[in-house]
Asker: 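One structure is given below, represented as structure tokens, and several questions about it will come after.
Heads up: numbering here begins at 1 and tracks the sequence. Only this structure's heavy atoms are used, side chains among them; waters, hydrogens and symmetry mates stay out.
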Amino acid sequence: MSKSPTTPSPPPSEIFAQRLKSAREFRKLTQAELAEKAKLPSSSVAHFEAGSRKPSFDTLRRLATALEVTTDYLLGRVDEPELAEAADPLFRDVGKLTGHDRELAKDFLKMLAVRGETKRK
């Protein structure tokens, strides 16, 4: 019995480079802006996206946090960037926002949280 030919999947380092660029572009960030948010040297993001360097675990975590995606997404283990929060409808909707709208939503949620804490006191 012969197997049908399958397209080999790209190596993990290539998947990471593609996902990093895709997530950065989705968030409408330049490489320099992402580097600043992740507290990395400005050339690092370019090296990661080109595949010429690989991030440490700490750097991977900082990139995922800055892009508001999971590390599993960046590593190609899941296909949806917000899969970890998929059970919560609020996070599903926030995940669709980009750039300035995300910042506004975060500020609004912080304000509501502070207001809720104040009411409890």
Asker: Could you grab the distance from atom CZ of R27 to atom CG of L97, nearest 0.5 Å is fine?
Answerer: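 Rounded to the nearest 0.5 Å, the CZ-CG separation comes to 8.5 Å.
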
Asker: For atom CD of E36, is the number of surrounding heavy atoms from other residues, nucleotides or ligands below 6.0 Å larger than 12?
Answerer: no

Asker: Just to verify, what does F57 make a side-chain contact (heavy atoms from CB on, under 4.5 Å) with, not counting sequence neighbours?
Answerer: none

Asker: Quick one: list whatever passes side-chain hydrogen bond (donor to acceptor under 3.5 Å, both in side chains) with R77, sequence neighbours left out.
Answerer: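 Once residues adjacent in sequence are excluded, R77 has no partner under the side-chain hydrogen bond (donor to acceptor under 3.5 Å, both in side chains) criterion.
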
Asker: Hydrophobic clustering (ILVMFWY, side-chain heavy atoms < 4.5 Å, transitive) - are V45 and L60 grouped together?
Answerer: yes

Asker: Would you compute the distance between atom CG of L34 and atom CG of L67 and round it to the nearest 0.5 angstrom?
Answerer: 4.5 Å

Asker: Using every non-hydrogen atom in the two residues, find where P10 and I15 come nearest and quote the distance to one decimal.
Answerer: O-CD1, 3.5 Å

Asker: Give the minimum heavy-atom separation between A35 and S42, together with the two atoms involved.
Answerer: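 What the structure gives for the nearest pair is CB-CA, 3.7 Å.
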
Asker: Which heavy atom of F26 sits nearest to which heavy atom of T98, and what is that distance?
Answerer: O-CG2, 3.1 Å

Asker: Search all heavy atoms of L29 against all heavy atoms of K37 and return the closest pair with its distance.
Answerer: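 Looking at all heavy atoms of both residues, the closest pair is CD1-CD, 4.1 Å.
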
Asker: Have a look at E49 and tell me which of K54, K21, R19, R24 forms a salt bridge (Lys or Arg N to Asp or Glu O under 4.0 Å) with it.
Answerer: R24

Asker: Of the options T70, T71, L75, which is the one that meets Y73 in a side-chain contact (heavy atoms from CB on, under 4.5 Å)?
Answerer: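 With Y73 as partner, side-chain contact (heavy atoms from CB on, under 4.5 Å) holds for just one option, T70.
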
Asker: For the CD atom of E68 and the NZ atom of K106, what is their distance to the nearest 0.5 Å?
Answerer: 3.5 Å

Asker: Hey, what do you get for NZ (K28) to CZ (R102), rounding to the nearest 0.5 Å?
Answerer: 12.5 Å

Asker: Can you list the residues that meet the side-chain contact (heavy atoms from CB on, under 4.5 Å) rule with S44, with sequence neighbours excluded?
Answerer: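 Once residues adjacent in sequence are excluded, the partners of S44 under the side-chain contact (heavy atoms from CB on, under 4.5 Å) criterion are L40, P41, F48, R53.
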
Asker: Can you name the nearest heavy-atom pair linking Q31 to A46, along with the distance?
Answerer: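 Shortest heavy-atom separation between Q31 and A46 comes out as OE1-CB, 3.4 Å.
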
